[in-house]
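To start, the structure itself, in structure tokens.
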2 protein chains.
Amino acid sequence: MGSVTATTRTRLTPEERRSQLLDLGVRLLATRSLDELSIDLLAEEAGISRGLLYHYFGSKQAFHEAVVRRAADDLIAQTAPPADGEPLERLLTSVTAYVDYVVTNYEGYLSLVKGAAGGNETLREIYEEARSALTDRIFREDAQGEIIPDTPVSRLIVRGWAAMTEELVLAWVVDPTGVTREELLAVMAASLPALVAVVPGDPRGGA
Amino acid sequence: MGSVTATTRTRLTPEERRSQLLDLGVRLLATRSLDELSIDLLAEEAGISRGLLYHYFGSKQAFHEAVVRRAADDLIAQTAPPADGEPLERLLTSVTAYVDYVVTNYEGYLSLVKGAAGGNETLREIYEEARSALTDRIFREDAQGEIIPDTPVSRLIVRGWAAMTEELVLAWVVDPTGVTREELLAVMAASLPALVAVVPGDPRGGA
DNA sequence: CATTCTATTGACACTTGTTCAATAACGCCA
DNA sequence: TGGCGTTATTGAACAAGTGTCAATAGAATG
């Protein structure tokens with residue numbers, strides 16, 4: 001088993017090779033945890049020697065970071081910055097782009113989440129940056145505070161809302177029975193104003 | 001530094017030893033990630049041989065699982081099951097117990113979250129169980145559906161709400177400036193009904 | 001105090017991470 | 001077409017960590 005077919009080495013350009021290894025890393029990470037993503041495994045799957053991985057990434061840690069960063073960059077890039085329109089509609093657009101990304105790139109997204117949460121400080125920072133990139137848009141879109149006033153509580157709530165949103169997509173993708181995509185999107189988009197409205201002492205009034 | 005003082009071995013009962021090792025594991029996990037929690041490190045910190053760890057836990061994986069399970073059990077046990085009263089008040093009680101637990105046991109809780117998210121299937125299951133144990137109470141408390149109807153969307157929302165709640169405490173504990181404990185609790189408790197009310201087609205009406 | 005039970009050790013085999021000098025693909029130029 | 005230099009790639013050797021097990025030595029018991 002695992003019969004080695006290639007006796008000739010294939011020589012790629014650094015960019016190609018690097019890209020190939022990162023893609024493979026992201027793909028593999030979807031079905032196993034970070035510390036199960038060994039150099040041995042990756043080298044074998046990629047059909048290269050362990051040494052080459054070190055040539056490109058220097059260490060296992062650094063490779064892991066690069067993989068997670070790759071997943072994060074993908075997310076930010078492919079989640080198109082929202083078009084213009086009224087705030088609530090833009091919010092829906094953002095959320096839709098996000099959900100669609102997760103649906104089509106489920107594995108990659110899982111890599112990001114899993115890798116980040118369990119890993120070291122650097123990994124978590126990468127993840128935090130990605131999340132900020134997404135949620136900051138919301139504040140930027142809503143500069144007039146039509147939906148969200150910029151207070152400590154609101155900031156906290158947006159953060160919480162982001163976590164909720166993430167959990168919602170992931171859970172829904174795994175088991176969508178009984179909930180349509182549109183319902184999911186509606187819930188996500190409507191949640192944010194609803195949550196902000198909950199703050200006691202807020203002009204809009206709460207519970 | 002780290003001068004080895006003990007030349008005599010100390011012999012404990014299996015329960016004592018096991019407990020000591022798990023406690024130490026949880027404590028160490030607070031300041032490093034799971035895969036930085038090596039057998040070597042733990043053995044040295046505990047002042048025992050590596051062999052003893054294998055005697056008690058069989059493998060590194062199994063030890064990690066035991067540590068995470070320990071943290072989960074702690075959480076469930078110390079978060080007292082809610083007293084009786086009206087649903088909304090019971091919800092607040094639940095949430096309060098949860099927040100207070102996280103505040104006083106921050107490190108242990110972090111171990112649970114970090115360990116679970118990054119780890120293998122088993123670790124994630126342990127975490128899921130803990131979360132279910134907490135949220136299932138809410139459905140149980142609210143058997144009449146006074147707050148939450150038992151539908152697929154609601155189930156999903158409660159799940160999302162749990163994720164949000166977790167994010168809120170963790171973020172708040174790290175930086176509580178501008179938000180009092182009572183505000184936090186109010187937001188958390190009020191969020192759930194607010195979120196459920198957001199569902200389109202729900203009798204209570206939505207956005 | 002000797003004996004027995006078993007918690008604990010330490011040394012050894014094996015897996016996985018890391019380094020580095022040697023190798024061989026590919027583009028270039030004659 | 002065929003040699004040549006560049007450098008992507010390898011494989012062997014080393015380090016560090018994981019897992020195994022027969023031997024050791026606390027503590028209780030008589």
Side-chain angles (χ1 to χ4, degrees), chain A residues 1-25 28-29 32-68 115 118-120 122-123, chain B residues 2-25 28-29 31-68 115 118-120 122-123:
Chain A
M1 35 202 96
S3 66
V4 181
T5 320
T7 37
T8 61
R9 52 170 80 168
T10 44
R11 185 189 173 114
L12 303 182
T13 70
E15 291 82 44
E16 283 174 333
R17 183 64 81 189
R18 202 184 149 80
S19 201
Q20 174 211 352
L21 296 178
L22 287 179
D23 280 344
L24 182 58
L28 290 180
L29 190 53
R32 70 212 80 217
S33 74
L34 254 191
D35 68 282
E36 285 162 353
L37 187 63
S38 68
I39 301 289
D40 264 329
L41 175 66
L42 199 121
E44 182 164 359
E45 288 285 327
I48 59 162
S49 67
R50 286 198 304 267
L52 194 58
L53 245 152
Y54 282 92
H55 174 66
Y56 280 104
F57 299 99
S59 76
K60 188 180 137 184
Q61 279 293 322
F63 176 65
H64 282 171
E65 286 168 22
V67 168
V68 172
N120 59 29
T122 309
L123 286 178
Chain B
S3 65
V4 182
T5 321
T7 37
T8 59
R9 52 171 82 167
T10 43
R11 183 188 175 116
L12 303 183
T13 68
E15 290 83 42
E16 282 174 333
R17 183 64 81 188
R18 201 183 150 81
S19 201
Q20 174 212 350
L21 296 178
L22 287 179
D23 280 344
L24 182 58
L28 290 180
L29 190 53
T31 54
R32 70 212 82 218
S33 74
L34 253 192
D35 68 283
E36 286 163 354
L37 187 63
S38 68
I39 301 289
D40 265 330
L41 174 66
L42 200 122
E44 182 165 359
E45 288 286 326
I48 59 162
S49 67
R50 285 198 308 274
L52 195 58
L53 245 152
Y54 282 93
H55 174 67
Y56 279 105
F57 299 99
S59 77
K60 188 178 136 182
Q61 279 294 323
F63 176 65
H64 282 170
E65 286 168 21
V67 168
V68 172
N120 59 29
T122 309
L123 285 177

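Hydrogens, waters and symmetry mates are skipped; everything else that's a heavy atom, side chains included, is used. Below, read A as the first sequence line, B as the second, and so on, with proteins coming before strands; counting in each chain starts at 1.
Looking at heavy atoms from C-beta onward, B/L41 lies out of side-chain contact with B/E36 at the 4.5 angstrom threshold. Annotation: side chain of A/L52 is in contact with side chain of A/H55 (closest heavy-atom distance under 4.5 Å).
Among the nucleotides C/dA7, D/dT18, C/dT9, the one closest to the side chain of B/K60 is D/dT18. For A/I39, the side-chain atoms get nearest to C/dG17 when compared with the rest of D/dT10, C/dG17, D/dG19.
Atom NE2 of A/H55 and atom C1' of C/dA22 are 15 Å apart (whole Å). Regarding A/L12, its CG atom lies at a distance of 13 Å from the P atom of C/dA25, rounded to whole Å. C/dC26 atom P lies 11 Å from atom CZ of A/R17, rounded to whole Å. Protein atom CG of B/L52 is 15 Å distant from nucleotide atom C1' of D/dA23, rounded to whole Å. A straight line from OH of B/Y54 to P of C/dC14 spans 16 Å, rounded to a whole angstrom. Between the CD atom of A/Q61 and the P atom of D/dA16 there is a distance of 16 Å, given to the nearest Å. As rounded to whole Å, 14 Å separates atom P of C/dT9 from atom CG of B/D40. In this entry the distance linking CZ of B/F57 with C1' of D/dT20 reads 18 Å, nearest Å.
No N or O donor and acceptor, one from the side chain of B/R50 and one from the base of C/dG10, sit under 3.5 Å apart. Between the side chain of A/R9 and the base of C/dT23, at least one donor-acceptor pair of N or O atoms lies under 3.5 Å. In the interface, the side chain of B/R11 is paired with the base of C/dT6 through a donor and an acceptor atom under 3.5 Å apart.
Considering only side-chain N and O atoms, A/Y56 lies under 4.0 angstrom from the phosphate OP1 or OP2 of D/dT9.
Proximity of a side-chain donor or acceptor of B/H64 to a complementary backbone N or O of B/G119 within less than 3.5 Å is not detected. With hydrogens and angles ignored, the 3.5 Å screen pairs no side-chain donor or acceptor of B/S19 with any backbone N or O of B/E16.
Residue whose closest nucleotide on DNA chain D sits further toward the 5' end, between B/T10 and B/S38: B/S38.
For the residue pair A/G25 and A/L37, the shortest heavy atom distance occurs at O-CD2, 4.1 Å.
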